[in-house]
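The basis for the numbers below is simple: all heavy atoms, side chains too, and nothing from hydrogens, waters or symmetry mates.
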Amino acid sequence: MAVQKPSIPKGTRDFSPVEMAKRNYIFDTIRSVFKRYGYLPIETPAMENLSTLLGKYGEEGDKLLFKVLNSGDFLKDVNKDLLDSADSNKVTTLISEKGLRYDLTVPFARYVVQHRNEIVFPFKRYQIQPVWRADRPQKGRYREFYQCDADVIGSDSLFNEAELLLMIDDVYTQLGINVLIKLNNRKILAGIAEVIGESDRLVDITVAIDKLDKIGLENVNKELEERGLSLDAIARLQPILHLKGNNREKINSLKSILSSSTIGTKGLEEIETVLDLADQSELKTELELDLTLARGLNYYTGAIIEVKALDAQMGSICGGGRYDDLTGIFGLPGVSGVGVSFGAERIYDVLTELNLFPVDTLTGTEVLFVNFGQKEALYCLKLLTTIRKEGVSAELYPESAKMKKQMSYADDKKIPFVILVGDEEMNTGILTLKNMKSGEQFKLTIAECIEKIKGN
RNA sequence: GUGUCGUUAGCUUAGUGGUAAAGCAAAAGAUUGUGGAUCUUUUUAGACGGGUUCGAUUCUCGUACGACACCCCA
């Protein structure tokens, strides 16, 4: 029988040590920023009950959920007729009660409701975990990927929105990526729908105008028409799509356009406040009011945030917004939240494309002891303990292989120093330290070796 | 869920209806206390399943996987 060729499921990836070093660099950077703003970590299970997940992401989202088959004899309660009917949806609910999480926001909402009595509000939490989507993979899109979320729940204040913008600013400044933060507000979109007389078609409108960048005005109008908007409404939308100028100018124009809409006016006030707060905090990253920014989950109710890398061809590398009453469905109404989610894999791709990973991300072992034989290796054990106590990562080559092999090992692993301990060194206590980069060799005591390695 | 293109050694790629080629990598040696260079030798391959054919890695169909785009989204 042929040996089975190993593989991993579609859209998933292995991460080798070099990749892990780079990924951890991203996670560590994001985590340090989250911490600095007072966010606390939580984790939730990879699996949630399907009842928690279903219906939260729209019909499309439900299809993209990975469902986990019940354990044991999962067919025993399914009646034959139903099976014969081949109604996948109905059968699914009977044979699967758990699913892999699709994002971190819904599990967080569930967490908040379940732990409401132990939580101090406003609750600021961050969460860095993988999520799963049964989507077809493509560039920058995987079936298993990490999200790095920070949310504030239980506060309506727009200070939270401004704070999230500052965190985005900090993260990308630290990573060295130039970005543009795009802002919009669901209330403004609702106001627009209202004044063009198509209030109940908000979703159709936003899905279509979201594509303005990609497919152009003409096609957007065509799509709006296909989605059933009246020609009159489309005509009234045009001046809004053509809006030019800086953020303040756009807002002023919109103020008159949306003056008849209470919700639209409210949205404009909100975005103005956020811009004011950002100015006050000396936000460095450029903010752009982008009315075509609408993508994202239907549960956003206020601010919508999206971050684009300026020097790389990549979709959004961070997104977020405000969602009122996300916990309502779990029995805790009237709690508002706002959050952002950093897409680690896309940041990885951008850093790779722009060659922005720092060179020292891969430092592992700092010094290798060459193994000359049993006697010498035993002697090295004490030295290893000493050197590790000083916080220097060190290893002994486990076999007394040829020098060439041991040196190549150090070279391949980019270990900067090698210590050689043979008869002579054991007699005198003076070790031979070799700098692998320069090739220099020194005769030093263990204490001097440590100093030299640390000083490197 | 739809479409396009693809899948040959550990990796990158060539080529052919009849014996499958190279570079890199890996292992051993040239060199028994000194790595990166060079040379020698060795290891390992046409995703899977059908069809056409005397014969298929090559043509064809299906499946899986991958890349890209659409839908949607991080």
Side-chain angles (χ1 to χ4, degrees), chain A residues 2-13 16 26 30 57-65 88 101-105 128-149 203 206-208 210-211 214-215 219 223 294-298 300 305-309 313-321 339-350 368-373 376 397 400-426 431-441:
Chain A
V3 184
Q4 182 192 342
K5 202 165 194 177
S7 64
I8 55 175
K10 189 204 249 294
T12 63
R13 295 151 299 158
S16 304
I26 295 170
I30 293 172
Y57 309 105
E59 215 173 297
E60 284 294 320
D62 284 356
K63 280 192 218 157
L64 299 180
L65 283 171
S88 315
R101 74 165 101 75
Y102 178 89
D103 71 357
L104 299 178
T105 309
I128 299 177
Q129 288 189 275
V131 304
W132 294 268
R133 296 184 187 178
D135 207 357
R136 186 171 286 209
Q138 53 177 280
K139 189 180 171 71
R141 290 172 72 166
Y142 306 96
R143 293 185 133 185
E144 178 185 61
F145 62 96
Y146 273 72
Q147 287 193 330
C148 311
D149 276 27
V203 174
T206 53
V207 168
D210 182 45
K211 296 176 187 165
K214 212 168 183 176
I215 63 176
N219 289 318
E223 182 159 342
R295 68 172 42 194
L297 307 166
N298 288 326
Y300 288 141
I305 302 166
E306 186 170 295
V307 180
K308 297 212 68 160
Q313 195 74 34
M314 179 61 66
S316 95
I317 51 176
C318 176
V340 289
S341 178
F342 291 84
E345 349 281 322
R346 290 190 174 182
I347 293 173
Y348 184 99
D349 289 345
V350 170
L368 173 79
F369 283 80
V370 170
N371 187 331
F372 283 110
E376 293 87 345
Y397 197 85
S400 56
K402 284 186 186 149
M403 275 296 270
K404 180 185 170 77
K405 189 159 165 108
Q406 301 194 37
M407 295 301 278
S408 303
Y409 174 81
D411 196 44
D412 285 344
K413 278 188 77 172
K414 308 246 182 314
I415 299 174
F417 289 98
V418 165
I419 291 179
L420 300 110
V421 182
D423 278 335
E424 193 190 322
E425 286 85 354
M426 288 201 295
L431 315 177
T432 302
L433 178 77
K434 182 181 173 99
N435 180 323
M436 291 297 280
K437 212 165 177 184
S438 63
E440 295 171 282
Q441 295 200 171

Going by modelled atom types, is there a donor-acceptor pair between the base of [N] and the side chain of [X] at under 3.5 Å?
| X | N | answer |
| --- | --- | --- |
| A/Gln406 | B/U34 | no |
| A/Lys404 | B/U31 | no |
| A/Glu425 | B/G33 | yes |
| A/Arg136 | B/C72 | no |

Would you mind telling me which of [options] lies closest to the side-chain atoms of [X]?
| X | options | answer |
| --- | --- | --- |
| A/Glu345 | B/G33, B/C72, B/A74 | B/A74 |
| A/Arg133 | B/C73, B/G66, B/A69 | B/C73 |
| A/Thr432 | B/G33, B/A28, B/C73 | B/G33 |
| A/Arg141 | B/C65, B/G33, B/C73 | B/C73 |
| A/Asp411 | B/C72, B/U34, B/G35 | B/G35 |

What orientation do A/Tyr57 and A/Tyr102 show, parallel under 30°, tilted 30 to 60°, or perpendicular over 60°?
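Tilted, since the angle between the ring planes falls between 30° and 60°.
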Could you work out the separation of [N] and [M] based on their [atom1] atoms and round it to a whole Å?
| N | M | atom1 | result |
| --- | --- | --- | --- |
| B/A20 | B/U44 | P | 13 Å |
| B/A14 | B/A9 | P | 12 Å |
| B/U2 | B/U58 | P | 26 Å |
| B/A22 | B/A45 | C1' | 13 Å |
| B/G10 | B/A27 | C1' | 13 Å |
| B/C65 | B/U32 | C1' | 49 Å |
| B/U8 | B/G1 | C1' | 32 Å |
| B/C48 | B/U57 | C1' | 14 Å |

Could you state the [atom1]-[atom2] distance from [X] to [N], rounded to the nearest angstrom?
| X | N | atom1 | atom2 | answer |
| --- | --- | --- | --- | --- |
| A/Asp103 | B/C72 | CG | P | 18 Å |
| A/Leu65 | B/G1 | CG | C1' | 15 Å |
| A/Met403 | B/G35 | CE | P | 7 Å |
| A/Ile305 | B/A74 | CD1 | P | 13 Å |
| A/Tyr146 | B/C73 | OH | C1' | 20 Å |
| A/Glu440 | B/G35 | CD | P | 17 Å |
| A/Leu368 | B/G35 | CG | P | 14 Å |
| A/Arg346 | B/A74 | CZ | C1' | 5 Å |

If stacking means aromatic ring centre less than 5.5 angstrom from the base's six-membered ring centre, planes under 30°, is A/Phe342 stacked on B/A74?
no
For [N], what is the paired nucleotide under Watson-Crick or G-U wobble rules, both distances under 3.5 Å?
| N | result |
| --- | --- |
| B/C39 | B/G29 |
| B/A9 | none |
| B/A20 | none |
| B/U2 | B/A69 |
| B/A14 | none |
| B/A56 | none |
| B/G62 | B/C48 |

How would you label the contact of [X] with the nucleic acid (heavy atoms, under 4.0 Å): base, sugar-phosphate, or nothing?
| X | value |
| --- | --- |
| A/Lys63 | nothing |
| A/Gly140 | base |
| A/Gly319 | nothing |
| A/Gly11 | sugar-phosphate |
| A/Val207 | sugar-phosphate |
| A/Asp423 | base |
| A/Tyr142 | base |

Of A/Ile415 and A/Cys318, the one whose nearest nucleotide on RNA chain B sits closer to the 5' end is A/Ile415
Pairwise 5' ranking along RNA chain B for A/Ile8 and A/Leu420, keeping only the more 5' one:
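The residue mapped nearer the 5' terminus is A/Leu420.
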Within-4.5 Å side-chain heavy-atom neighbours: A/Asp423 and A/Glu376
yes
Nearest heavy-atom contact between A/Val421 and A/Met426 is CG1-CG, 3.7 Å
Decide whether A/Ser400 and A/Asn371 meet the rule of one side-chain donor and one side-chain acceptor closer than 3.5 Å.
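No pair is found: no donor N or O on one side chain lies under 3.5 Å from an acceptor on the other.
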N/O donor-acceptor pair under 3.5 Å between [X] side chain and [Y] backbone:
| X | Y | result |
| --- | --- | --- |
| A/Arg141 | A/Arg136 | no |
| A/Arg143 | A/Asp135 | yes |
| A/Gln406 | A/Met403 | no |
| A/Arg133 | A/Asp103 | no |

Looking at the angle O4'-C1'-N9-C4 for a purine or O4'-C1'-N1-C2 for a pyrimidine, is B/G46 syn or anti, with syn meaning within 90° of 0?
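Chi for B/G46 falls in the syn range.
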Identify the residue among A/Phe369, A/Phe372, A/Tyr409 that makes a ring-ring contact (aromatic ring centres under 6.0 Å, His included) with A/Tyr397.
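Answer to the ring-ring contact (aromatic ring centres under 6.0 Å, His included) test with A/Tyr397 among A/Phe369, A/Phe372, A/Tyr409: A/Tyr409.
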For a quick test of reading the model: is some side-chain N or O of A/Lys211 closer than 4.0 Å to OP1 or OP2 of B/C72?
yes
Any side-chain N or O of A/Gln147 under 4.0 Å from OP1/OP2 of B/A74?
no
